[in-house]
Amino acid sequence: MKQVVKEIGIPIFSIEMDFSECRFDTTEEIVAFLVEQVKSHKAARYITTFDHLKHTSELAEGIVAEHIVAAYNIVFCFGFSLQDAEQLATRPRSLGVCETDNRVTLSFMEAPMPVANALMEQWTRSLLSDEHQSSQHATSQGHQEDVQLHS
């Protein structure tokens, strides 16, 4: 028998936006859009949508912050490669969608695959309304950004 314990930092990508900056009006519309993005990608396989708020709320010992209105994980897997057994520890992937007051936060654990990260970031950024997509583009040219990004 061989046992290995690896300690790695887990980088998290997170984008937060007001619903006024978003193409969609509800968390459920956002989730449906992201599920469709996963389902339509040739190397991704949709697994399920997990209602994290419902699950935690139903636990006798469950604690949910008062400001959380909705919380979902869209669970899926990219099938680009499978090189060793340890890769399974970081799969499947999950996109988190959390509504708080009039804001939505999308987050995911960054994958060791730059292609997967770029795609998940593209999916989350595509939620911005056309108007805010333009201001986001201006940001990359040195202007102040309306959307708070954390990575």
Task: Verdict with supporting geometry, V38 and R93, side-chain contact (heavy atoms from CB on, under 4.5 Å) - done: CA-CA 11 Å; V38 172; R93 312 285 332 144; over 6 Å; no

Open item on the list: Once you measure the plane-to-plane angle for W123 and H41, does it fall in the parallel (<30°), tilted (30-60°) or perpendicular (>60°) bin?
Closed with: perpendicular

Open item on the list: Grouping I, L, V, M, F, W and Y whenever their side-chain heavy atoms are under 4.5 Å apart, do V64 and V69 come out in a common cluster?
Closed with: no

Task: Cluster overlap L119 with L128, hydrophobic side-chain contacts below 4.5 Å - done: yes

Task: Rounded distance [0.5 Å steps], NE2 in H52 versus OG in S57 - done: 10.5 Å

- [ ] Assess whether atom CD1 of I63 is packed by more than 12 heavy atoms of other residues, nucleotides or ligands within 6.0 Å.
- [x] no

Task: Within one Ile-Leu-Val-Met-Phe-Trp-Tyr cluster: F24 and I15, side-chain cutoff 4.5 Å - done: yes

Open item on the list: For a quick test of reading the model, state the closest non-hydrogen atom pair linking T27 to A70 and the distance between them.
Closed with: CG2-CB, 4.1 Å

Open item on the list: So, using side-chain contact (heavy atoms from CB on, under 4.5 Å) as the criterion, who are the partners of I47 when residues are at least two apart?
Closed with: V75, C77, P92

Task: Spacing of CG belonging to L34 relative to NZ belonging to K39, to within rounding of 0.5 Å - done: 12.5 Å

- [ ] For residues V104 and L127, determine if any side-chain heavy atom of one lies less than 4.5 Å from a side-chain heavy atom of the other.
- [x] no

TODO: Could you tell me which non-hydrogen atom of P11 sits nearest to which non-hydrogen atom of G9, and how far apart they are?
DONE: CD-O, 3.3 Å

TODO: Using the six-membered ring wherever Trp is involved, compare the ring planes of F13 and F108 and label them parallel, tilted or perpendicular (cut-offs 30° and 60°).
DONE: parallel

Open item on the list: Under a 3.5 Å cutoff, is there a donor and acceptor pairing between the side chains of Y72 and E28?
Closed with: yes

- [ ] First locate atom CD1 of I12, then atom OG of S107, and finally report the distance between them rounded to the nearest 0.5 Å.
- [x] 7.0 Å

TODO: Evaluate side-chain contact (heavy atoms from CB on, under 4.5 Å) for S81 paired with Q87, printing each intermediate quantity in order.
DONE: CA-CA 9 Å; S81 70; Q87 284 183 310; 4.3 Å; yes

Task: In one Ile/Leu/Val/Met/Phe/Trp/Tyr side-chain cluster, 4.5 Å: V31, F50 - done: no

Open item on the list: What's the separation between atom CG in L53 and atom CD in E58, rounded to the nearest 0.5 Å?
Closed with: 9.5 Å

Open item on the list: Would you compute the distance between atom OG of S20 and atom CZ of R103 and round it to the nearest 0.5 angstrom?
Closed with: 8.5 Å

TODO: Report the distance from atom CD1 of I74 to atom CE of M120, rounding to the nearest 0.5 Å.
DONE: 12.0 Å

- [ ] Might you point out which heavy atoms bring E86 and D84 nearest each other, and give the distance in Å?
- [x] N-OD1, 3.0 Å

Open item on the list: Is the shortest side-chain heavy-atom distance between L106 and M17 below 4.5 Å?
Closed with: yes

TODO: Evaluate whether atom CZ of R91 has more than 12 neighbouring non-hydrogen atoms of other residues, nucleotides or ligands under 6.0 angstrom away.
DONE: yes

- [ ] Would you name the heavy atoms of C22 and I30 that are closest together and state the gap between them?
- [x] SG-CD1, 3.8 Å

- [ ] Could I get the full list of ring-ring contact (aromatic ring centres under 6.0 Å, His included) partners for F19, not counting sequence neighbours?
- [x] none

- [ ] Indicate the atoms forming the closest heavy-atom contact of D18 with E21, along with that distance.
- [x] N-OE1, 2.7 Å

